[in-house]
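Let me begin by presenting the structure, written as structure tokens, before commenting on it.
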2 protein chains.
Amino acid sequence: MANIQQVAKQAGVSVATVSRVLNGQNTVSSKTKTKVEEAIKFLNYEPSMLGRNLRNSESRIILILIPNISNPFYLDIIKGIENMALSQGYNILLCETDSNPDKENIYFDLVRKKMADGIVSMDPAVNVDTLKELAKTYAIIQCSEYGGGIGIPYVTIDSEEASYRAVKHLIQIGHTKIALMNSDEKFLYARERKAGYQRALKEHGMALDNGYMVYTQELSFEHGQQAMKKILALRDRPTAVFAVSDLLAIGALKEINASGLHVPNDIAVVGFDKIDFSNMTNPTLTTVAQPMYKMGTTAAAMLIDKIKGKEVDSVILDHELIIRESTSG
Amino acid sequence: MANIQQVAKQAGVSVATVSRVLNGQNTVSSKTKTKVEEAIKFLNYEPSMLGRNLRNSESRIILILIPNISNPFYLDIIKGIENMALSQGYNILLCETDSNPDKENIYFDLVRKKMADGIVSMDPAVNVDTLKELAKTYAIIQCSEYGGGIGIPYVTIDSEEASYRAVKHLIQIGHTKIALMNSDEKFLYARERKAGYQRALKEHGMALDNGYMVYTQELSFEHGQQAMKKILALRDRPTAVFAVSDLLAIGALKEINASGLHVPNDIAVVGFDKIDFSNMTNPTLTTVAQPMYKMGTTAAAMLIDKIKGKEVDSVILDHELIIRESTSG
DNA sequence: TTGAAAGCGCTAACAT
DNA sequence: ATGTTAGCGCTTTCAA
């Protein structure tokens with residue numbers, strides 16, 4: 001494994017000159033440049049990022065913090081982050097926290113130890129105080145889920161409005177008994193989506209029935225099934241369900257089918273996210289599309305700006321209601 | 001940002017001593033150790049991986065090469081790799097190649113440039129010659145998909161046998177007209193699964209009809225739909241379909257439903273992989289379970305051994321046929 | 001246009 | 001048990 005010294009010797013120049021060629025500085029005469037390039041080729045030399053990174057005090061690595069890689073919601077976001085990062089010479093370290101503060105801390109250490117230059121956090125369970133503290137020293141961007149008002153830039157959508165529109169759609173097609181399948185209200189997005197749900201109901205003069213709001217501990221298929229069981233057992237059974245995640249909605253779909261009822265004739269279902277699978281179910285799922293890929297590229301671009309010392313502002317991206325079979329038999 | 005020098009000065013010892021404490025060497029007296037620890041705490045010191053990595057000529061990073069992150073098949077493998085890596089002090093760099101040789105090459109550069117210590121490749125499209133060449137110098141393990149006989153250790157399942165059993169199951173429940181939805185035979189697993197399919201048919205004295213074998217360019221839902229369209233158009237329509245990927249099978253399911261036919265009464269469907277979603281469809285999908293998580297941990301353990309200079313052997317893991325609704329109405 | 005040399009932060013061989 | 005020091009491979013300032 002040749003190093004820069006050997007290249008320099010081979011080319012009969014100094015290491016400084018080799019470095020200049022490596023970094024495309026144009027203060028090198030074309031003759032020397034050629035000599036150096038020949039030496040590089042001859043020795044099969046590859047510059048070591050280890051040396052460069054130490055010297056430059058950077059790792060060129062971006063850390064992505066996600067609670068659970070099993071939720072396909074994150075896939076396109078990751079893609080977006082990766083492609084943007086790549087185009088700027090960064091690579092991504094994917095870190096699954098399982099919403100476990102200990103695991104989170106291991107990953108936070110990576111940035112403390114300079115193994116990563118910054119963090120895109122998508123973890124709602126993240127310890128907000130630690131994150132805030134970290135953000136003083138390191139570049140951090142929140143993506144999709146965010147703690148409001150903690151001074152860390154984020155990219156997300158308007159959850160309240162998205163939720164409002166989804167529920168309004170159900171109202172417009174005639175539903176009056178609409179259940180909300182939400183996650184724990186410790187999450188900001190859960191509170192926002194609940195608010196949107198309530199606003200839509202109120203606006204149409206419909207009563208808020210607390211019994212129509214069920215909560216799940218996790219955004220998963222299984223929890224969607226369980227929650228749907230509860231909804232199906234309700235005394236005055238709803239004719240529509242709005243779930244704050246496609247995974248929950250798909251679980252609901254399954255449970256409704258299993259109970260012998262029909263979607264959307266007996267119960268209409270709306271999901272949230274527009275993951276790939278929302279189009280593969282039977283019936284296909286009406287859902288709120290989040291611009292996942294764009295969220296990823298935006299978050300990455302913001303983070304890289306931040307790493308470079310620029311000021312960055314939070315961004316709210318557009319969402320869109322995708323009407324499919326689960327609300328339009 | 002304190003460095004080891006400052007800690008040494010603060011503690012009134014040499015940098016060597018600080019380094020010893022950092023690395024848990026027990027040649028340090030407990031008094032000095034305490035002094036050093038206090039200095040570390042006082043200065044809020046975090047050792048830089050940049051310095052350590054250069055010194056140790058390692059990055060402690062493992063590169064994962066996948067063709068496309070959108071196929072959930074890889075999710076559990078990644079989880080397995082990550083957890084094993086983490087337990088050994090490694091982190092993972094997730095790299096999506098899109099089966100694009102140029103992109104592959106960018107990622108290969110990471111190991112050439114010492115940004116990564118080794119590679120777990122799950123990319124069937126990978127340039128075999130380059131991979132072989134790289135494997136001479138760097139630690140590489142193939143996971144799930146592999147090039148046979150190129151001397152790079154792999155971890156996978158017995159695709160031929162798995163395929164044989166899946167088809168045999170269809171035969172045993174009475175099917176005689178069984179289609180194979182396969183991928184391009186340039187992939188070894190495609191050839192193996194075809195072989196298993198053919199062995200099962202032959203063993204039961206059934207004729208091989210080339211028209212019953214359709215090929216897809218990608219393992220995706222959409223390609224599954226398209227392929228199923230072709231199968232449905234066949235003159236003597238099959239009563240069962242064995243798809244070499246759950247994603248394809250789910251596409252087939254959708255297409256069959258759309259055509260007004262019923263699964264499994266009109267057409268039975270078997271998939272491959274046992275991705276999470278194979279249990280969320282309606283009907284649920286009979287499929288061959290691959291031990292994804294285990295494949296991940298195994299591959300990572302093998303790779304880390306290889307990085308440490310040990311010899312490692314290829315591993316064949318067990319598979320299992322999971323019978324669900326799509327073959328047992 | 002080029003070179004000499006310092007130094008990024010750490011570890012380990014060697015010395016005491 | 002502890003310290004001194006070289007050096008991992010690179011970039012960049014300063015000098016020529």
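Lettering follows sequence order; numbering is per chain, from 1.
Distance alone, capped at 3.5 Å, is enough to place a donor-acceptor pair between the B:Arg60 side chain and the B:Gln88 backbone. Here the side chain of B:Asn23 pairs a donor or acceptor atom with the backbone of B:Ser19 at under 3.5 angstrom.
Along DNA chain C, read 5' to 3', the first and last nucleotides having any atom under 4.0 Å from a heavy atom of chain A are C:dT1 to C:dG9.
With sequence neighbours excluded, the residues forming a side-chain hydrogen bond (donor to acceptor under 3.5 Å, both in side chains) with A:Ser29 are A:Thr32, listed by chain and number. Under the side-chain hydrogen bond (donor to acceptor under 3.5 Å, both in side chains) criterion, B:Asn127 pairs with B:Thr130, sequence neighbours left out. Residues forming a side-chain hydrogen bond (donor to acceptor under 3.5 Å, both in side chains) with A:Ser144 (at least two apart in sequence, or on another chain): none.
Side-chain atoms of A:Asn53 and A:Ser59 form no donor-acceptor pair, as typed in the model, at a separation below 3.5 Å.
Within the 4.0 angstrom heavy-atom criterion, only backbone atoms of the sugar-phosphate kind lie near B:Val13; the bases stay farther away.
The stretch residues 16-32 of chain B comes close to DNA chain D through B:Ala16, B:Thr17, B:Arg20, B:Thr27, B:Val28, B:Ser29, B:Thr32, each having a heavy atom under 4.0 Å from the strand. Applying a 4.0 Å cut-off to non-hydrogen atoms, the residues of residues 46-58 of chain B that approach DNA chain D are B:Leu54, B:Arg55, listed by residue number.
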* side chain to side chain donor-acceptor pair (under 3.5 Å) assessment of B:Ser70 paired with A:Lys79 -> CA-CA 9 Å; B:Ser70 296; A:Lys79 260 193 216 186; 2.8 Å; yes

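Salt bridge absent: B:Lys308 and B:Asp305 never bring a charged side-chain N and a carboxylate O closer than 4.0 Å.
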